[in-house]
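Bear in mind the structure is a predicted one, so any value in this text is a computation, not a measurement. All heavy atoms count here, side chains included; hydrogens, waters and symmetry mates do not.
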Amino acid sequence: MEDRRQDSARQAALDYHEFPHPGKLEIRATKPMANGRDLARAYSPGVAEACLEIKADPQTAARYTTKGNLVGVVTNGTAVLGLGNIGALASKPVMEGKAVLFKKFANIDCFDIELDEPDPVKLAEIVCALEPTFGAINLEDIKAPDCFIVERICRERMNIPVFHDDQHGTAIVVGAAATNALRIAGKAFEDIKIVSTGGGAAGIACLDMLLKLGVKRENVWLCDIHGLVHEGREVDMNPQKAAYAQASDKRVLAEVIDGADLFLGLSGPGVLTPEMVGRMAPRPIIFALANPNPEIDPEAARAVAPDAIIATGRSDFPNQVNNVLCFPFIFRGALDVGATTINDEMKIACIEGIAALARATTAAEAATAYRGETLTFGADYLIPKPFDPRLMGVVSSAVARAAMETGVATRPLPDLTAYKQKLDDSVFRSGLIMRPVFEAAATVTRRIVFAEGEDERVLRAANAMLEETTDVPILIGRPDVIAMRAERAGLPIRPERDFQIVNPENDPRYRDYWETYHGLMARRGVTPDIARAIMRTNTTAIGAVMVHRGEADSLICGTFGQYSWHLQYVRQILARDGLEPVAALSMIILEDGPLFIADTQCHNDPTPQQVMETVMGAARHVRRFGLPPKIALCSHSQFGNTDSYSGRKMRDALAMLDARAPDFTYDGEMHVDAALDPELRERIFPGSRLEGVANVLVFAGTDAASGVRNALKMRAGGLEVGPILMGMGNRAHIVTPSITTRGLLNMSVLAGTPVTHYG
């Protein structure tokens with residue numbers, strides 16, 4: 001059975017690399033190449049202008065070429081992790097993988113370069129000759145001590161960052177993990193004894209970094225396959241090891257482990273025994289980082305020292321020391337300021353940023369990616385997870401700041417706060433488009449009641465509201481359940497202390513609520529008994545009553561259940577004084593910008609009047625995002641070519657809009673492709689009043705609107721903000737069960753912004 005599983009996993013990995021195209025990378029053009037004019041600009045003669053600018057000022061290469069965002073991942077394949085000296089060609093899948101990680105986590109472009117050159121000096125000379133191509137070099141999987149030689153020569157000769165990730169990337173993540181482990185253990189760098197096994201590039205770099213963090217040189221004991229590195233030893237020595245030689249007559253790991261506060265293993269499986277762990281200092285810190293099998297199994301270590309703080313290099317144990325926490329973001333910051341090197345101050349800034357993130361509230365996106373794991377700062381959560389989206393903004397901006405402060409930045413940034421915001425926006429895809437709404441929301445304080453207050457997504461959204469906005473969350477749910485789930489999720493918020501709770505099972509306002517609901521619904525067949533039951537069980541109705549009574553400003557509901565079910569209670573209680581649900585507007589954020597879709601939920605078969613109101617409402621809400629509305633009325637008919645039901649409906653709605661003469665661009669009826677392709681639209685209907693690409697598509701029914709919405713989300717990678725319930729003056733919004741924590745935060749900010757700001 002185990003053999004079959006291994007064979008299946010092996011074949012799946014091979015298929016991943018082979019299909020649908022061999023390898024993990026491709027090159028795509030970033031400029032149009034559709035006609036002769038584009039060709040003349042991209043190549044001859046237009047390319048000469050960019051060449052002459054760079055010749056006159058080499059710094060402009062970052063403006064006119066990819067150099068400023070291009071990293072070379074270089075290896076000779078002599079020390080591939082877990083595989084050893086497999087050679088340059090066999091290492092190519094690993095280097096392609098490294099390039100993919102650069103792109104995924106920091107949007108950095110890479111070329112992987114595998115060089116069949118074992119001589120370190122010659123290898124360094126080749127790398128140095130690549131300087132005109134790249135903004136930085138990532139050395140990878142080069143054996144020790146050759147890697148030290150290659151990096152030293154390259155750093156001396158090259159005026160761009162050269163970073164051997166196996167050394168410094170590992171050292172940075174170990175530094176961050178050690179910073180937090182010592183905090184938990186109540187110890188300090190300057191006081192601890194370290195015993196390390198390995199002596200290779202990563203091990204030496206980690207020890208060098210720990211010294212920079214305050215560890216005393218005399219408190220470091222380094223062992224390798226030949227035993228303790230000691231003064232007078234001649235076997236398998238180099239200058240890097242010799243720097244840690246101890247004046248001691250002890251010779252093996254078992255003789256030096258006594259009283260060790262930190263074991264740092266970058267060697268092989270089984271090196272550290274449970275008996276040795278038992279002789280370490282109280283609350284020992286064990287970093288068993290050998291891959292794929294650590295120096296000691298974490299369970300075996302804890303059997304001897306239950307309070308041990310343990311990290312490994314594996315993803316199936318807590319505290320994986322993974323270089324991806326570091327290298328994409330240190331390169332991002334270095335590239336963005338045109339750094340000439342990556343110095344110690346930049347590395348320490350990276351350490352501090354990573355460590356601080358683990359101590360902060362866990363990002364909702366990371367919690368989603370690692371569902372089921374405990375992501376609360378402590379012995380089992382020393383460092384953030386790789387998919388924590390905050391790493392980009394926090395770490396890269398810290399690195400950029402350090403580069404500027406130490407004088408190695410050739411393109412200093414004028415505003416680091418704006419730079420961090422830009423990085424955050426690039427990760428949180430809704431960040432940039434939502435910024436005007438966040439800014440408007442900051443001018444007021446509104447009370448937002450969440451109907452499904454026990455949902456973890458709601459708890460995380462409430463925590464984010466308290467951190468990022470001035471709004472006040474109110475949660476409907478059982479206090480003990482909310483407190484338990486907040487604690488389990490690692491959130492610092494607690495009921496009543498940080499937000500108000502409405503407990504459906506026992507709330508002093510219960511009588512007021514059911515009497516209010518009965519007063520509103522008595523002539524619609526709702527008896528007192530029904531009103532009492534609904535106010536005990538229906539959290540959407542409870543939230544709507546709170547808004548009606550003025551105890552909350554806006555309701556957000558819908559994280560589970562049918563949209564129409566929630567809508568009926570919103571209509572019953574809040575559709576008064578001129579308010580009426582007009583339509584649901586979904587914003588889908590695509591690679592080339594946002595596209596708004598309506599009506600995705602409210603009216604299955606809207607009348608022309610309702611379509612007209614949908615268009616008017618959509619225009620108001622699109623302006624909330626700082627965008628000019630360009631609205632297409634979409635149907636099966638295209639400018640009258642078919643006498644279809646949907647076409648007639650849209651023509652009637654168009655006539656109603658014309659009678660109102662609104663101050664935005666709209667046209668119809670048309671197909672979706674005509675709405676999104678101005679050239680096609682001009683051929684079909686020259687002189688259309690719609691200009692450019694439509695950013696709002698209004699459909700003749702929810703089937704079409706919802707279908708397009710879901711297709712864009714599932715097949716085009718669109719991110720939804722919404723649905724926004726138009727016509728209710730922001731008194732209620734109904735989300736859908738697929739919404740994320742970030743989506744709930746976005747909706748709370750939309751709800752927290754008075755619509756009157758936008759007409």
Is there a side-chain contact between [X] and [Y] (heavy atoms, below 4.5 Å)?
X: P594; Y: I588; result: no
X: I739; Y: T559; result: yes
X: L567; Y: R571; result: yes
X: M392; Y: D424; result: no
X: L633; Y: D667; result: no
X: L70; Y: T133; result: yes
X: E96; Y: V73; result: no
X: R41; Y: V47; result: no

Presence of salt bridge, [Y] and [X], under 4.0 angstrom:
X: K103; Y: D109; value: yes
X: R731; Y: D553; value: no
X: D415; Y: K422; value: no

Taking all non-hydrogen atoms of both residues into account, name the closest pair between [X] and [Y] and its distance.
X: C634; Y: L697; result: SG-CD2, 3.9 Å
X: A575; Y: M728; result: N-CE, 4.0 Å
X: M404; Y: L413; result: CE-O, 3.2 Å
X: A400; Y: V337; result: CB-CG1, 3.7 Å
X: K630; Y: V693; result: CD-O, 3.6 Å
X: P386; Y: L391; result: O-CD1, 3.8 Å

So, [X] side chain and [Y] main chain: donor-acceptor pair closer than 3.5 Å or not?
X: S688; Y: L690; value: yes
X: R681; Y: G692; value: yes
X: D677; Y: D673; value: no
X: Q601; Y: P723; value: no
X: K67; Y: E131; value: yes
X: T740; Y: G743; value: yes
X: K649; Y: G701; value: no
X: H733; Y: I556; value: no
X: H17; Y: A12; value: no
X: S637; Y: G647; value: no

Kindly indicate, with the supporting measurements, whether the criterion salt bridge (charged side-chain N to carboxylate O under 4.0 Å, His left out) is fulfilled by R332 and D336. CA-CA 6 Å; R332 179 76 277 159; D336 288 340; 2.8 Å; yes
Residue [X] excluded, over 12 heavy atoms near [atom1] under 6.0 Å:
X: F664; atom1: CZ; result: yes
X: Q562; atom1: CD; result: no
X: D57; atom1: CG; result: yes
X: R576; atom1: CZ; result: yes

With side chain to side chain donor-acceptor pair (under 3.5 Å) as the test, would you mind laying out the steps for D599 and T614 before giving the verdict? CA-CA 7 Å; D599 168 20; T614 297; 5.3 Å; no
Please round to the nearest 0.5 Å and tell me the distance separating atom CG of L579 and atom CG of L574. 8.0 Å
Quick check for you: to the nearest 0.5 Å, what is the distance between E720 atom CD and K713 atom NZ? 4.5 Å
Hey, mind stepping through E669 and S635 against side chain to side chain donor-acceptor pair (under 3.5 Å) and telling me if it holds? CA-CA 6 Å; E669 76 283 9; S635 76; 5.2 Å; no
Going by side-chain hydrogen bond (donor to acceptor under 3.5 Å, both in side chains), name the pairs with one or both residues in residues 689-703, residues two or more places apart or in two chains. N604-T702, D658-R689, Y666-R689
Using the side-chain hydrogen bond (donor to acceptor under 3.5 Å, both in side chains) rule, collect all pairs that involve residues 28-39, keeping only residues at least two apart or in two chains. E26-R28
Please test L744 against V458 for side chain to side chain contact (heavy atoms under 4.5 Å, CB included), starting from the C-alpha separation and ending with a verdict. CA-CA 7 Å; L744 283 167; V458 171; 3.9 Å; yes
Evaluate F102 against F327 for ring-ring contact (aromatic ring centres under 6.0 Å, His included), listing each step before the verdict. CA-CA 8 Å; F102 268 111; F327 71 81; 4.8 Å; yes
Stepwise side chain to side chain contact (heavy atoms under 4.5 Å, CB included) check, V749 with N746: CA-CA 5 Å; V749 175; N746 287 336; 5.8 Å; no
For residues 582-611, which residue pairs pass the ring pair (Phe, Tyr, Trp, His ring centres under 6.0 Å) check, not counting sequence neighbours? F596-F625
Qualifying ring pair (Phe, Tyr, Trp, His ring centres under 6.0 Å) pairs, either residue in residues 634-657, two or more places apart: F639-F685
Do R648 and D643 pass the salt bridge (charged side-chain N to carboxylate O under 4.0 Å, His left out) test, and can you show the C-alpha distance, the side-chain angles, and the key distance before you say yes or no? CA-CA 7 Å; R648 292 194 299 271; D643 189 28; 3.4 Å; yes
Among all residues two or more places apart in sequence or in another chain, which pass the ring pair (Phe, Tyr, Trp, His ring centres under 6.0 Å) test with Y569? W565
Should S554 and R446 be marked as a side chain to side chain donor-acceptor pair (under 3.5 Å) after you check the CA-CA gap, both sets of side-chain angles, and the distance that decides it? CA-CA 8 Å; S554 299; R446 288 167 65 86; 3.1 Å; yes
Set of residues satisfying side chain to side chain donor-acceptor pair (under 3.5 Å) with respect to S396, sequence neighbours excluded: none
Please step through side chain to side chain contact (heavy atoms under 4.5 Å, CB included) for the pair V71 and F134, ending with a clear verdict. CA-CA 6 Å; V71 168; F134 297 105; 5.6 Å; no
Given T60 and E53, is the side chain to side chain donor-acceptor pair (under 3.5 Å) satisfied, shown in steps? CA-CA 7 Å; T60 61; E53 287 291 313; 5.4 Å; no
May I have the step-by-step check of side chain to side chain contact (heavy atoms under 4.5 Å, CB included) for L595 and V696, ending in yes or no? CA-CA 6 Å; L595 182 63; V696 183; over 6 Å; no
With Y563 as reference, evaluate L725, V735, T600 under the side-chain contact (heavy atoms from CB on, under 4.5 Å) test and give the passing residue. L725
